[in-house]
Amino acid sequence: MEHKNTVIFTLLFSLAMTLITLPSPTNATSPSVSALFAFGDSTVDSGMNNVLTPLVRCDHPPYGRDLPGHVPTGRYSNGKIATDFMASNLGLKDLLPAYLDPKLTDFDLLTGVSFASGASGLDDLTLKLSHAFSMGKQLEYFDEGVERMKRTVGEKNGSEIVENALFVISVGTNDLILNLYEFPVTERKTQFTSTDQYSEFLLQRLGSFIEALYRRGARRFMVAGLPPIGCLPLQQTVGGIIDLRPQRVCVTQQNIDSETYNSKLQALLSSLQTTLLPGSKLAYFDIYSPIMDMFNNPAKYGFVETDEGCCGTGKVELGPLCTRLSPTCPDAAKYLFWDAVHPTEAAFFAIADFALKTVLRYLVAS
Ligand SMILES: *[C@@H]1O[C@H](CO)[C@@H](O)[C@H](O)[C@H]1NC(C)=O
């Protein structure tokens, strides 16, 4: 019953969001996005972690095998990720580089970078476990980047770039996985009586992060919700072990948790929009629906495998466990997941395409 209510709420909310986000009928206005800046975790990291501990890195083969030049850039996939497709769609560039990419030029910075760090999260305890770049650290790098842009094009032009940029934030999955799901006893499980309560704690921190960007001049935000966490190959594996179940199935409760979090996120975004951040545009970036659709209708996307990743056994390998020694599937385009957690380039394309058809045009219109 509880679940049903959540589903209905989500549907109504999505409908409401769709109605207020219909693209404007005029196509005379040319897209006016100056740059794309990404923050969050591995879903939008394009190589920030290459300077960190090997535990959170993926700048080794077979990662990146389907990128131009087959370079393992630090993207958690076989090829491009959603923010690459978006940057390309906005006419900015084909690949959104990491801010710490040693080859990044002053000129590259002007059209956007990613500050996101794989294994990062909103909760300090997540960072204590993963040692990724925290959201606070990502913000510090952003401030440094803005200074660099202003030195390049002047104070006024620098501020205009920030004002006309699209800010993509994607974070939260690691908080739930590391603090609630994977370990039987954790500090957060003791502290919070329900997943709902923990989600509210996370969303409060996400709200503060958005406000911090707003105070720095950011006006256009696209904030991702959670994927169906219970369907990630790793979660199917862990769930099977806990339940002593031989077959692989999605962990229903974790998907319900994701949906609840996503509903609360949408409510947060509309309240931020109306009360706190005048002159801003905030849109919910729904990644749950396209991923669920890929699960339910794999053929529509050309997929033959949705429960296991392409790398290794597809059940547990990611990061340092997915290596050049791991056997991989010959054609990643037939898989929803590249490793035990991260989508393939084909799936990222579908996610970006869904964003394009739903919210991107609303955010881009001036
Ligand atoms: C700022 O942008 C304008 C318009 O593109 C350009 O003409 C001007 O040279 C820029 N200012 C600096 C300091 O680069």
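Residue numbers start at 1 and run along the sequence shown. These numbers were taken from a predicted model, which means no experiment stands behind them. Just so you know, ligand 1 is whichever comes first in the structure, and atom 1 is the first atom listed for that ligand.
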- request: Determine, counting only non-hydrogen atoms of the protein, whether one lies under 4.0 angstrom from atom 4 (C) of ligand 1.
  value: no

message: Can you confirm whether the side chains of Thr105 and Asp108 place a donor and an acceptor under 3.5 Å from each other?
response: yes

query: Would Lys281 count as a cation-pi partner of Tyr362, with NZ or CZ less than 6.0 Å from the six-membered ring centre and within 45° of the ring normal?
result: yes

Closest approach of any protein heavy atom to atom 13 (C) of ligand 1, naming residue and atom: Val153 O, 3.2 Å

field: Heavy-atom protein contact below 4.0 Å for atom 9 (O) of ligand 1
entry: no

query: Just by distance, with hydrogens left out, do Asp41 and Ser120 show a side-chain donor and acceptor under 3.5 Å apart?
result: no

message: Any nitrogen or oxygen of Asn157, side chain or backbone, less than 3.5 Å from one on ligand 1?
response: yes

field: Those residues that, when tested against Arg188, pass salt bridge (charged side-chain N to carboxylate O under 4.0 Å, His left out) (two or more places apart)
entry: Asp123

